2 protein chains.
Amino acid sequence: MSLRHGLLGLLAEGPASGYDLARRFQEVLGQIWPAQHPKIYAELGRLADEGLIEVDSEGPRRRKAYRITEAGEAEIRRWLSTEDVDHTMRLQSLLRSLFFWLMEPDDLRRHLDDEARFFADAAARYRAYAEAKDRGDFGDSPQTRSMRITIEAAVRIYQALADWAEWAKTAPK
Amino acid sequence: MSLRHGLLGLLAEGPASGYDLARRFQEVLGQIWPAQHPKIYAELGRLADEGLIEVDSEGPRRRKAYRITEAGEAEIRRWLSTEDVDHTMRLQSLLRSLFFWLMEPDDLRRHLDDEARFFADAAARYRAYAEAKDRGDFGDSPQTRSMRITIEAAVRIYQALADWAEWAKTAPK
DNA sequence: GGCTCACATGTCCTTTGGTACATGTCCTCT
DNA sequence: AGAGGACATGTACCAAAGGACATGTGAGCC
């Protein structure tokens, strides 16, 4: 359960509403850490109950922005420095690849083309994002520097998968 | 829900018991597609109810091996060729990297060392596996050729992440 | 003034994943 | 003969994820 810590971490950057957080999850973490708004609102409620965050302001359209508390900041730091990292990935593309031998050659080629395109597009998208950051489009705070590191990981993973899909086309059937 | 199709795919290679399947999931797909035995037995029951698999043989120690049926093979093929791939990954390492700015430099360095080591070890483990396959240690069936492709993906992803962790150490804080 | 759209928050229900617990069986070693 | 360990299957429960549905609000435009 690290949605909890994902929210705390984002709130450590500054106050935000559930809506804001849902959008940030979607934009930055799209495929890498999906989170739907129902889960986010529910978790925010729980975090507030436990005193890890508190209501910062209420705005128009029932908007409710939260702010991290000292207890919350202590908790996210504790998580970052003492909890073990969960390294599971659950990549459906890899699970499927185990069963390529069941596919017709034509289907497989099409599939690998689609996969290569998808991963190359994703890599390109994150690469563009990285370049914008390097140009300074988003300023140069510690937060953006961390984000730059995250983006770099995304670029490298997607590029590795794109290369893999291309390589797989040449592998003996 | 692709545990279902993971099981069907593995059973397409030949009859196996829940225990066998749990071990194969653990060995080959360890971090890439974890599955606990309770889920596996439950899913096997459902697959049998739906006629996608059937009991092949009963052995000592209550062992029950299943065999894929024609309907089951049709279903796995249908899944492979017509269902969209789910590309979500949920990599906790990347989520955490967003919050590196909250960590003390010493903690962060230690963390990146651990991450680099973990990913490099994983890459090495899969690389050794790949080499054994290339030497022909596991024969040369279509199934092992598909497995070789899966392993190649694992090698590339883990290597990319290991390189990333090393790179992150040099990135400006 | 009314329409539409983005903003904003939530409930409810189903599926999936994971942990704990429980049980039975055969083999090997001492 | 007995102990321990790997083999083998399951139940029960809880946490997490995801989709469907519902509702209210302010801004901009025609």
Side-chain angles (χ1 to χ4, degrees), chain A residues 1-8 10-11 15-27 29-50 53 55-66 79 83-92 95, chain B residues 1-8 10-11 15-27 29-50 53 55-66 79 83-92 95:
Chain A
M1 190 213 211
S2 29
L3 170 61
R4 182 180 196 73
H5 295 101
L7 292 172
L8 280 176
L10 291 181
L11 285 171
S17 68
Y19 191 81
D20 296 336
L21 294 163
R23 279 200 15 255
R24 288 212 57 192
F25 262 100
Q26 176 58 31
E27 280 165 19
L29 295 161
Q31 319 266 343
I32 283 155
W33 202 274
Q36 288 72 29
H37 74 263
K39 293 287 293 177
I40 291 175
Y41 288 116
E43 193 60 44
L44 286 174
R46 246 165 299 167
L47 286 167
D49 287 347
E50 294 171 39
I53 61 174
V55 175
D56 178 69
S57 65
E58 309 214 6
R61 297 171 190 177
R62 298 162 57 204
R63 178 190 169 86
K64 206 174 0 168
Y66 291 93
W79 181 69
E83 291 266 310
D84 284 345
V85 182
D86 177 358
H87 286 108
T88 49
M89 22 183 110
R90 220 172 265 282
L91 268 180
Q92 206 189 77
L95 179 65
Chain B
M1 190 212 210
S2 29
L3 169 61
R4 184 181 194 74
H5 295 101
L7 292 172
L8 281 176
L10 291 180
L11 284 172
S17 68
Y19 191 82
D20 296 336
L21 294 163
R23 278 198 17 254
R24 289 211 55 194
F25 261 101
Q26 175 58 30
E27 280 164 19
L29 294 161
Q31 318 267 342
I32 282 153
W33 202 273
Q36 289 70 30
H37 74 264
K39 294 289 293 178
I40 291 175
Y41 288 117
E43 191 63 42
L44 286 173
R46 246 165 295 163
L47 285 167
D49 287 346
E50 293 170 41
I53 62 176
V55 175
D56 178 68
S57 65
E58 309 213 5
R61 298 170 191 180
R62 297 161 58 204
R63 178 191 169 87
K64 209 176 358 170
Y66 291 93
W79 180 68
E83 290 265 311
D84 284 345
V85 183
D86 177 358
H87 286 109
T88 49
M89 18 184 114
R90 220 174 265 282
L91 267 181
Q92 205 190 76
L95 180 65

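Here is how names work: the chains are called A, B, and so on, in the same order as the sequence lines, proteins then strands, and each is numbered from 1. Just so we're clear, the structure is a prediction, and the values are computed from it rather than from any experiment.
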Partner set under side-chain hydrogen bond (donor to acceptor under 3.5 Å, both in side chains) for A:Ser57, not counting sequence neighbours:
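Listed in chain order: nothing, the list is empty.
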Residues two or more places apart in sequence or in another chain: which of them pass side-chain hydrogen bond (donor to acceptor under 3.5 Å, both in side chains) with B:Gln31?
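Partners of B:Gln31 under the side-chain hydrogen bond (donor to acceptor under 3.5 Å, both in side chains) test: none.
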Of A:Ser2 and A:Pro60, whose closest DNA chain D nucleotide lies nearer the 5' terminus?
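Taking each residue's closest nucleotide, the earlier one in sequence belongs to A:Ser2.
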I want to confirm an ordering. Mapping A:Leu3 and B:Ser17 to their closest nucleotides on DNA chain D, which one lands closer to the 5' end?
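In this pair, the answer is B:Ser17.
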Other residues, nucleotides, ligands: >12 heavy atoms within 6.0 Å of A:Asp49 CG
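It does: A:Asp49 CG has more than 12 such atoms within range.
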Distance-only criterion, 3.5 Å: show the donor-acceptor pairs between side-chain atoms of residues 32-44 of chain A and protein atoms not counting sequence neighbours.
{"from": "A:Tyr41", "atom 1": "OH", "to": "A:Tyr19", "atom 2": "N", "distance (Å)": "3.4"}
{"from": "A:Glu43", "atom 1": "OE1", "to": "A:Arg46", "atom 2": "NH1", "distance (Å)": "3.4"}
{"from": "A:Glu43", "atom 1": "OE2", "to": "A:Arg4", "atom 2": "NH1", "distance (Å)": "2.5"}

How long is the straight-line distance from [atom2] of [Y] back to [atom1] of [X], given to the nearest 0.5 Å?
X: A:Asp56; Y: A:Lys64; atom1: CG; atom2: NZ; value: 12.5 Å
X: A:Leu21; Y: A:Arg23; atom1: CG; atom2: CZ; value: 10.5 Å
X: A:Leu11; Y: A:His5; atom1: CG; atom2: NE2; value: 12.5 Å

Stepwise, does the side-chain contact (heavy atoms from CB on, under 4.5 Å) test hold for B:Phe25 with B:Leu10?
CA-CA 9 Å; B:Phe25 261 101; B:Leu10 291 180; 3.7 Å; yes
Quick one: are B:Ser2 and B:Asp86 in side-chain contact, heavy atoms under 4.5 Å?
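No, side chains not in contact.
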At the 4.0 Å heavy-atom cut-off to chain A, mark where contacts on DNA chain C begin and end, going 5' to 3'.
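For DNA chain C, the relevant span reads C:dC7 to C:dG18.
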Taking the side chain from B:Ser17 and the backbone from B:Asp20, do they hold a donor-acceptor pair closer than 3.5 Å?
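Yes; judged by distance alone, with no hydrogens or angles, the pair exists.
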Just call it for B:Arg63: base, sugar-phosphate, or nothing, with non-hydrogen atoms closer than 4.0 Å on any strand.
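Answer is sugar-phosphate: B:Arg63 comes under 4.0 Å of backbone atoms only.
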Looking at residues 84-92 of chain B, who's got a heavy atom less than 4.0 Å off DNA chain D?
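Residues of residues 84-92 of chain B that come under 4.0 Å of DNA chain D are, in numerical order, B:Arg90.
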For DNA chain D, note the earliest and the latest nucleotide, 5' to 3', having some atom under 4.0 Å of a heavy atom belonging to chain B.
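Listed 5' to 3', the contact boundaries are D:dC7 to D:dG18.
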